[in-house]
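Scroll down for the structure; my scribbles are underneath it.
What you are looking at is a predicted structure, and each value in this text was computed from that prediction instead of being measured. Every chain is numbered from 1 and lettered A, B, ... according to where its sequence line falls, protein lines coming before strand lines.
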Number of protein chains: 2
Amino acid sequence: MVTNGDRTGKTAPPGNRRGDLFDPACPTRRLLDRIGGKWTSMLVKTLADVDGEVRFSELQRRARGISRKMLAQTLRDLEADGLVARHVEPTVPPAVRYSLTPLGRSLVVPLDALRDWAETHMPTVDAHRAAGAGS
Amino acid sequence: MVTNGDRTGKTAPPGNRRGDLFDPACPTRRLLDRIGGKWTSMLVKTLADVDGEVRFSELQRRARGISRKMLAQTLRDLEADGLVARHVEPTVPPAVRYSLTPLGRSLVVPLDALRDWAETHMPTVDAHRAAGAGS
DNA sequence: CCGAATCCAAATTGATACTG
DNA sequence: CAGTATCAATTTGGATTCGG
């Protein structure tokens with residue numbers, strides 16, 4: 001593990017804070033804040049699933065339970081991050097399509113690792129909670 | 001409840017198609033809800049770092065910024081999940097030590113994948129936000 | 001059809017103080 | 001030392017409504 005705390009005491013350049021998880025500027029912490037959002041990772045995965053452009057309304061159809069507000073908000077956030085591309089068709093009525101950027105697609109890899117762990121181990125977690133519930 | 005209640009065996013269909021992410025019962029969604037918590041993943045990684053037993057107060061020292069309340073709460077949650085083991089020494093004053101269970105250690109793997117992505121790509125994300133900030 | 005703005009309810013978090 | 005209880009502030013998500 002890279003856990004040597006060789007901090008110089010001065011502000012380190014971005015990308016060099018590997019051992020400093022509790023620093024709010026730590027990239028890992030910021031990433032977790034982001035994908036920890038209720039809809040972010042679901043949207044990324046949905047976009048990865050279709051592997052192409054999706055319209056706003058179809059996205060909302062696929063993401064059952066999401067409100068227009070949260071869909072738009074999450075999408076704007078993802079776009080600002082460079083994870084999602086937004087393409088506006090200048091028609092009437094307007095047609096807007098979203099897709100994953102290469103950067104966004106690269107995020108799917110670690111997200112899949114997480115999904116893999118969840119599929120494998122969450123039943124164990126559930127069993128543990130059920131067993132120790134009354135403790 | 002899920003209609004797919006077959007938890008005793010492998011239910012993954014052929015290909016990549018797995019559980020419905022938008023189902024609140026989906027394990028991946030539940031895992032993300034959990035590690036999306038502000039302190040959960042930080043604590044798991046801290047415990048993985050020491051690779052042994054840690055006392056409550058030392059944990060609080062390492063996890064700069066966490067309050068006793070949140071530390072205790074997150075720890076209790078992790079323990080109920082079977083990710084963390086709690087060992088009480090019946091002395092006066094009491095000494096309690098925490099450690100990662102094997103299950104908890106296994107979670108470190110996908111968490112590290114996430115960290116890896118963050119270290120590599122968050123600077124790009126930042127650059128993108130900075131570039132398109134004023135829009 | 002897309003999405004921004006407003007208002008509001010609910011879940012999280014934190015500061016502080018108290019207990020065994 | 002290792003928690004727990006209570007209260008308040010902040011954040012988050014959702015319903016509705018209005019505009020392009």
Does [X] come within less than 4.0 Å of [Y], counting only side-chain N to carboxylate O?
X: A:Asp77; Y: B:Arg129; answer: yes
X: B:Glu119; Y: B:Arg115; answer: no
X: B:Arg30; Y: A:Asp126; answer: yes

Near-strand residues of residues 82-100 of chain A, defined as heavy-atom separation under 4.0 angstrom from DNA chain C: A:Arg86, A:Pro93, A:Pro94, A:Val96, A:Tyr98

Under 4.5 Å between any side-chain heavy atoms of [X] and [Y], yes or no?
X: B:Val96; Y: B:Glu89; value: no
X: B:Leu107; Y: A:His121; value: no
X: B:Leu100; Y: B:Leu83; value: no

Side chain A:Lys45, main chain A:Leu111, donor-acceptor under 3.5 Å: yes

B:Thr101 (side chain) donor-acceptor with B:Gly82 (main chain) under 3.5 angstrom: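 Yes, B:Thr101 side chain to B:Gly82 backbone: donor-acceptor pair under 3.5 Å.
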
Helix axis bend for the helix from C:dC1-D:dG20 to C:dG20-D:dC1 - C1'-based end axes, five pairs, 10° rounding: 30°

Quick one: [X] [atom1] to [N] [atom2], roughly how many Å, whole number?
X: B:Leu71; N: C:dT12; atom1: CG; atom2: P; result: 18 Å
X: A:Arg64; N: D:dG14; atom1: CZ; atom2: P; result: 15 Å
X: B:Leu75; N: D:dA2; atom1: CG; atom2: P; result: 11 Å
X: A:Glu58; N: C:dG3; atom1: CD; atom2: P; result: 14 Å
X: B:Gln60; N: D:dC1; atom1: CD; atom2: P; result: 10 Å
X: A:Leu78; N: C:dG3; atom1: CG; atom2: C1'; result: 16 Å
X: B:Ile66; N: D:dG3; atom1: CD1; atom2: C1'; result: 13 Å
X: B:Arg34; N: C:dA11; atom1: CZ; atom2: P; result: 16 Å

Nearest heavy-atom neighbours spanning B:Ala80 and A:His128: O-ND1, 3.3 Å

Under-4.0 Å side-chain N/O to phosphate OP1/OP2 contact, B:Arg68 with D:dT4: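 No.
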
Phosphate OP1/OP2 of D:dA2: any B:Arg55 side-chain N/O under 4.0 Å: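 For B:Arg55, the contact criterion (side-chain N or O under 4.0 Å from OP1 or OP2 of D:dA2) is met.
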
Salt bridge (charged side-chain N to carboxylate O under 4.0 Å, His left out) evaluation trace for B:Asp20 with B:Arg29: CA-CA 9 Å; B:Asp20 183 5; B:Arg29 177 163 174 178; over 6 Å; no

Whether B:Phe22 and A:Trp39 hold their rings parallel, tilted or perpendicular, with breakpoints at 30° and 60°: parallel

Pairs under 3.5 Å (N/O, protein and nucleotides 11-13 of chain D):
unit_1 : atom_1 : unit_2  : atom_2 : d
D:dG13 : OP1    : A:Lys38 : N      : 3.2

